[in-house]
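Let me begin by presenting the structure, written as structure tokens, before commenting on it.
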Number of protein chains: 2
Amino acid sequence: MASDHTRSAILAAAERLYADRGFGDVTLRDIVAEANVNLAAVNYHFGSKDELIAELFVTRSIATNRERLHELKTAEEQGGGRAPIEVILRALVGPTLRGCLGPQNQRSTAARFMIRASIESVPPIRRIKNREIDHLRKFVGAMRRSLPDRSDVEIYWGLNFALAMAHHTIRESERLTKLSEGKCDLDDVEDVVARVVSVATIALTAGRMEAKAPARALARDAR
Amino acid sequence: MASDHTRSAILAAAERLYADRGFGDVTLRDIVAEANVNLAAVNYHFGSKDELIAELFVTRSIATNRERLHELKTAEEQGGGRAPIEVILRALVGPTLRGCLGPQNQRSTAARFMIRASIESVPPIRRIKNREIDHLRKFVGAMRRSLPDRSDVEIYWGLNFALAMAHHTIRESERLTKLSEGKCDLDDVEDVVARVVSVATIALTAGRMEAKAPARALARDAR
DNA sequence: GATAGTTTCATACAACTGTTTGAATTGCAA
DNA sequence: TTGCAATTCAAACAGTTGTATGAAACTATC
């Protein structure tokens, strides 16, 4: 074990390079040069390039999932086993959005890395994402408890659309900024979270609980 | 020019292999073997590997965009320059969804290729997608005309969320099927289109035109 | 049927990739 | 200090990749 200095230097360098240049453009030689370590150190400490990438992604992924579940658990405890659907959806998309968006010039390396991982889909990361289903099932359960008279199919579609809006907004944040000529402020993360949650909520509740549904989904900034 | 047989054999083989195995796994040697042509033929006919990929994607992309604009134009002409927002959104996401989803065992090579292009994001394809903004602006224009009292910001967000739901559903169709244990039927494309359009519509109109908004967004299959 | 232009072909190239090797070095315990 | 394991290092390995070359085969025109 010793100091682990080499190991963490590789992790830091790799995360930074991948964040900046993407997975396709960065070789092990780039990484070890940035980290000032020997080429063989990567295979010594991580086994392979893919395992290095996997470790980077898993670390961040676990952190996000923990935040999600913490928010969910807190909400359900406060509501005596049942949380409002808005709060559940906020727990689902909030941590991801907060982890990736925010003022561009002060985005952490981790944030930029996760955006890359969301845009480029390399095998080791895809493998990990496929294991995420069990995690999502916990949200399905909470959503069922929150909306007991909604069918499973509706729940699944609502969850799918909520994740869709969050991930797509992250992936295509640059394009949305360009398309809207800066009118869509992606630096205001809490506003983005509120928009996604609002639309997902209304999608799941429209026609059933009109009284509880937010009156205006996207109309926050209506003139 | 001659028969162009070699050229089209390469295109067909490449599309099939990329659709089946993804961009990362397929080499030029795989393609020319599948097409029964010489290795040098790719560079002779297309210049480079990236230009081959670009040509494949551009072809399908142009076809989809043409369908989209045709639906949009027809709708606006029928409505005297103004189309209902649902119809505009349907023109936006319908062709893409129809082009990619549908019964798994009878999906065309083109469909499976476009799904790949949506999942794996390789440089030549990314470059083309970035040019798509002008195309989207035409939909922004139509949406403005349809919803004259909605602010631009709302329009942009609505467009973003509509595309998000469509593309994410395509990208993650397998995962949604697995998560829902088959309860979400992604083979019923028109149902998927209706769901996406419904949610996007309600997101854009909620709180303004309650009378026109569909009463139940996701409630089609409520028990 | 010779000629010019296009297309095909086998082959080589040059560069880059992740990984392995085995020796050198380091750090720590006895 | 000695000995042993963990770590670092330079170097090479083995394979693959997209691309280039120059001759051969083909095609159509005159």
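Per chain, numbering begins at 1; letters A, B, ... match sequence-line order. Model, not experiment: these values are computed from the prediction.
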Within 6.0 angstrom of Glu132(B) CD, more than 12 heavy atoms from elsewhere: yes
Test log, rule ring-ring contact (aromatic ring centres under 6.0 Å, His included), inputs Phe23(A) and Phe113(A): CA-CA 10 Å; Phe23(A) 295 99; Phe113(A) 173 83; 5.8 Å; yes
Leu52(B) CG to dT17(D) P, straight-line distance once rounded to whole Å: 15 Å
Whole-Å distance separating the CZ atom of Arg7(A) from the C1' atom of dT8(D): 16 Å
Leu39(B) CG to dT19(D) P, straight-line distance once rounded to whole Å: 10 Å
Tyr44(B) side chain, from C-beta outward: closest of dT8(C), dG18(D), dG18(C): dT8(C)
Non-hydrogen side-chain atoms of Leu176(A) and Trp157(B) separated by less than 4.5 Å: yes
Basic-acidic side-chain contact under 4.0 Å: Glu190(B), Arg98(B): yes
Value in whole Å for how far the C1' atom of dG18(C) lies from CG of Asp25(A): 17 Å
Phosphate-side-chain proximity, Asn38(B) and dT7(C), N/O vs OP1/OP2 below 4.0 Å: no
Touch class at under 4.0 angstrom, heavy-atom based, for Ala41(B) against every strand present: nothing
Rounded distance (Å) that lies between atom P of dT7(C) and atom CG of Asn36(B): 20 Å
Rounded distance in Å - CZ (Arg29(A)) to P (dA12(D)): 13 Å
Contact nearer the 5' end of DNA chain C, comparing Val37(B) with Val42(A): Val37(B)
Side-chain N or O of His5(B) closer than 4.0 Å to phosphate OP1/OP2 of dT7(C): no
Lys/Arg-Asp/Glu bridge criterion (N-O < 4.0 Å) met for Glu15(B), Arg60(B): yes
Rounded distance (Å) that lies between atom C1' of dG18(C) and atom CZ of Phe46(A): 15 Å
Side-chain N or O of His45(A) closer than 4.0 Å to phosphate OP1/OP2 of dT8(D): yes
Closest nucleotide among dT17(D), dT21(C), dC9(C) to the Ala40(A) side chain: dT21(C)
Between P of dA12(C) and CG of Asn43(B), the distance in whole Å: 18 Å
Closest to the Lys49(A) side chain, choosing from dT19(D), dT7(D), dT19(C): dT19(C)
Short side-chain N/O contact from Thr6(B) to OP1 or OP2 of dT8(C), under 4.0 Å: yes
